Amino acid sequence: MRAEVQAWYSARSFRGRAFDRQDLGARKQGQRISVVLPAKNEAATIGAIITALRTELMEELPLLDEIIVIDSNSTDDTSALAAAAGATIAHQDQILPDTGCIPGKGEALWKSLAIASGDIVVFIDADLQEFDAQFAVGLLGPLLTNPQVHFVKSYYDRPLNDGVRVMPCGGGRVTELVARPLLNLFWPELAGVVQPLAGEYAGRRSLLECIPFVSGYGVEIGMLIDVLETVGLDGMAQVDLGKRRHRNSTDGELAKMAMQIQLTVQSRLHRRGLASAVPSTVELTQFLRNGESYIGETAIVGVSERPPMLDAGQHRSMTGERA
Ligand SMILES: O=c1ccn([C@@H]2O[C@H](COP(=O)(O)OP(=O)(O)O)[C@@H](O)[C@H]2O)c(=O)[nH]1
Ligand SMILES: O=C(O)[C@@H](COP(=O)(O)O)O[C@H]1O[C@H](CO)[C@@H](O)[C@H](O)[C@H]1O
């Protein structure tokens with residue numbers, strides 16, 4: 001790692017358990033804190049996550065002000081279970097309907113900014129297993145103890161469940177095979193970020209409203225690059241949350257995710273004049289064994305992008321009124 005990155009890594013990497021929730025509650029100083037869970041068919045895990053956050057960080061201790069589930073076109077009982085656990089539910093396509101409807105995780109996160117009231121917003125995936133409310137405490141730690149920090153990523157051990165057994169590591173496949181090499185190649189300042197695609201992160205609204213949101217799975221890598229370019233490395237931090245287990249997608253699903261991430265990287269390189277413009281969609285042909293031959297399946301993969309919420313004219317002014 002470059003000396004500047006090593007210095008950042010030493011100064012801005014924290015242990016999530018080093019932050020005390022009582023102490024952070026006392027440091028809010030009137031700031032509101034929203035937790036946002038983007039959820040597409042997460043009935044198996046959404047309830048436990050909300051219950052842990054609500055009981056430990058709202059009822060036992062007034063650290064969080066709201067827990068919002070963005071139902072991202074679920075076809076299971078995600079919304080009902082989330083509501084029963086005490087979360088506020090919003091359906092992705094019903095938020096800012098005049099801006100249209102785009103599928104994807106990043107769209108869910110972008111639209112959450114239009115309804116979340118937090119000065120600080122914590123994003124947590126809704127497929128986490130063995131969830132610990134300390135995840136949110138750790139993410140809030142650097143933001144509530146250092147005004148120079150505007151954005152915090154999580155990192156952790158990433159077990160991999162291949163459907164037969166759970167290996168203690170091996171998760172984060174797209175991170176290791178796609179995102180990390182591309183970031184080290186084109187944004188070496190980010191080489192010290194341990195989990196660049198981590199789905200748990202937090203930021204100040206004042207920052208999040210100033211950056212675009214890639215609509216699909218490119219949201220994390222796009223956001224990391226845009227945050228670096230907006231607040232610099234010194235405005236960023238990362239916290240070790242220990243271990244993170246989640247539903248592991250198949251390699252075929254991750255290939256489509258990887259394509260979205262590569263298209264997002266190309267869009268950022270194009271912005272720097274280092275790559276051609278990104279097509280709105282591309283084809284990805286994948287193959288499955290079929291007896292003595294293979295069947296090729298072609299998917300259409302694309303990434304679109306939402307402008308900064310401030311530019312969309314839907315931001316929440318300092319008075320809390322919609323602009
Ligand atoms: O169109 C989508 C796709 C995913 N998600 C949510 O985004 C998070 C991460 O998605 P996923 O688990 O598919 O990604 P992975 O963690 O496997 O990379 C989960 O809470 C999903 O429910 C979403 O809200 N809308
Ligand atoms: O880090 C990764 O390689 C992928 C896939 O993780 P696994 O190999 O299924 O553990 O998961 C992350 O990437 C997505 C795209 O940025 C995020 O949206 C997910 O929250 C995150 O889990």
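Note that ligands are numbered from 1 as they come in the structure, with each ligand's atoms numbered from 1 the same way. Because the structure is predicted, anything quoted here is derived from the model rather than measured.
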**Message:** Within ligand 1, which atoms have a heavy atom of S72 less than 4.0 Å away?
**Reply:** 1 (O), 2 (C), 23 (C), 24 (O), 25 (N)
**Asked** Looking only at heavy atoms, which two atoms of Q238 and V193 are closest? And how far apart?
**Response** OE1-CA, 3.4 Å
**Message:** Residue-level breakdown please: for E176 versus ligand 2, do any non-hydrogen atoms fall below 4.0 Å on the side chain, on the backbone, on both, or on neither?
**Reply:** neither
**Prompt:** What part of R173, side chain from CB on, backbone N/CA/C/O, both or neither, has a heavy atom under 4.0 Å from ligand 2?
**Reply:** both
Specify the protein heavy atom at minimum distance from [atom]: its residue, its atom name, and the distance to 0.1 Å.
{"atom": "atom 3 (C) of ligand 1", "value": "Y217 OH, 3.5 Å"}
{"atom": "atom 21 (C) of ligand 2", "value": "L197 O, 3.3 Å"}
{"atom": "atom 5 (C) of ligand 2", "value": "L254 CD2, 3.9 Å"}

**Min N/O separation I70 to ligand 1 under 3.5 Å** = no
**Item:** M257-ligand 1 polar pair, N/O distance under 3.5 Å
**Value:** no
**Message:** I'd like to know if Y9 and V149 are part of one continuous hydrophobic network [Ile/Leu/Val/Met/Phe/Trp/Tyr, side-chain heavy atoms within less than 4.5 Å].
**Reply:** no
**Message:** Side chains of D71 and T78: any donor to acceptor distance under 3.5 Å?
**Reply:** no
**Message:** Between the side chains of R21 and E56, is the shortest nitrogen-to-carboxylate-oxygen separation below 4.0 Å, so that they form an ion pair?
**Reply:** yes
Purely on distance, is any nitrogen or oxygen of [X] under 3.5 Å from one on ligand 2?
{"X": "M257", "result": "no"}
{"X": "T175", "result": "yes"}
{"X": "H246", "result": "yes"}

**Message:** Out of E42, R173, K40, who is nearest to atom 19 (C) of ligand 1 when you count heavy atoms only?
**Reply:** E42
